[in-house]
Amino acid sequence: MTRNLDTYSQRSLVTDPAEQRLCSAISALSDAIPSDLRRPPLGWAGVQAWEAAHGIELPEPYRTFVAEVSNGTSEGAATTHGLLPLGQLPENWQRWEAECWLSPEPFDGTAPRKPAVPFPLEEAWQWEYDYYDHDQHSPRLHGLYQHGSILLGSNRGCEFWILIVTGPQRGRVWWLGDGCAAPYADAGEEAESEVDFVSWLQAWQADRGWWSEHLEYVD
């Protein structure tokens, strides 16, 4: 369904609860990204072409955000790491090295990603503690990085943020670290999935998450 941002500026006219939640999400996302850091929106034709090529429909509110507000963000004073455009991979995707990969097959960053294949996890997994059965865990580990998601951003060398687009975790933001994968925690387990991306992007853009290079950690 093609939407217009003018609709979201007149939220009082929207009566459907799902549309109201989407309106609120798009408004919050728009407020979080200064206009000078936005990339041109992809447009509905561009979004639908990408979806057709990959056999999926992107989850909201990311879908409308990319189509009508901004297809990623530029790096600037407000953020150390920009939001990746739809389908783009971070520069370190093909050359990162993990200490806790624990698979007999090395990670292939050049392999085509498969967003239409369901994401393999529903809860956090710390494979750094799975010292045995590396062959058994290998397909799951590779699928974790290649299936059911799109890349949102990266930080600290081999750490990546992804948006799940296929499977039970659809619409949720996950973190992939060295030896561990976990859902973004700040939105809460009971929150609507669309709140997850909004909450993450607000913190990412403001550089106020635990990933921030400017935070002081106190034991």
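Counting from 1, the numbers follow the sequence of the chain as shown. Below, each value reflects all heavy atoms present in this structure, side chains not excepted, and no hydrogens, waters or symmetry copies. Computed from a predicted structure; not experimentally measured.
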Exercise. Rounded to the nearest 0.5 Å, what's the gap from SG on Cys23 to CZ on Arg21? Could you check?
Key: 11.0 Å
Quiz item: For residues 40-52, which residue pairs qualify under salt bridge (Lys or Arg N to Asp or Glu O under 4.0 Å), counting only residues two or more places apart or in two chains?
Solution: Glu51-Arg63
Practice problem: List for me each residue that meets side chain to side chain donor-acceptor pair (under 3.5 Å) alongside Thr110, sequence neighbours excluded, and say none if there are none. | Solution: Asp108
Exercise. Apply side chain to side chain contact (heavy atoms under 4.5 Å, CB included) to the pair Leu29 and Val69, showing each step before the final yes or no.
Key: CA-CA 8 Å; Leu29 290 168; Val69 181; 5.9 Å; no
Quiz prompt | Whether Trp204 and Trp200 hold their rings parallel, tilted or perpendicular, with breakpoints at 30° and 60° | solution = parallel
Practice problem: Kindly write out the residues that satisfy side chain to side chain contact (heavy atoms under 4.5 Å, CB included) with Pro85, not counting sequence neighbours, or none if the list is empty. | Solution: Arg39, Asn71, Gln88
Quiz item: Sequence neighbours excluded, which residues qualify as ring-ring contact (aromatic ring centres under 6.0 Å, His included) partners of His54?
Solution: Trp50
Exercise. Check side chain to side chain donor-acceptor pair (under 3.5 Å) between Gln202 and all other residues, then give those that pass, not counting sequence neighbours.
Key: none
Quiz item: Are Tyr145 and Trp125 co-members of a hydrophobic cluster defined by side-chain heavy atoms under 4.5 Å apart?
Solution: yes
Self-check item: In one Ile/Leu/Val/Met/Phe/Trp/Tyr side-chain cluster, 4.5 Å: Val117, Ile164
Solution: no
Quiz item: Does Ala124 have any side chain to side chain contact (heavy atoms under 4.5 Å, CB included) partners at least two apart in sequence or in another chain, and if so, which?
Solution: Ala182, Pro183
Exercise. Going by the side chain to side chain contact (heavy atoms under 4.5 Å, CB included) test, name the single residue among Trp174, Phe160, Phe197 that passes it with Leu152.
Key: Phe197
Exercise. Kindly indicate, with the supporting measurements, whether the criterion side chain to side chain contact (heavy atoms under 4.5 Å, CB included) is fulfilled by Arg38 and Ser30.
Key: CA-CA 10 Å; Arg38 297 179 188 177; Ser30 299; 3.9 Å; yes
Quiz item: Which of parallel (below 30°), tilted (30 to 60°) and perpendicular (above 60°) describes Trp161 and Trp175?
Solution: tilted
Quiz item: Given the rule in the side chain to side chain contact (heavy atoms under 4.5 Å, CB included) test, do Ile33 and Leu201 qualify, once you have shown the distances and angles that lead to the verdict?
Solution: CA-CA 9 Å; Ile33 309 298; Leu201 185 61; 4.1 Å; yes
Quiz item: Under a 4.5 Å cut-off applied to non-hydrogen side-chain atoms, are Ile162 and Phe119 in contact?
Solution: yes
Quiz item: Should Glu91 and Ser154 count as side-chain neighbours, where that means a heavy-atom distance under 4.5 Å?
Solution: no
Quiz item: Less than 4.5 Å apart, any side-chain heavy atom of Leu22 and any of Pro61?
Solution: yes
Quiz item: Is there side-chain contact between Arg172 and Pro59, with at least one heavy-atom pair below 4.5 Å?
Solution: no
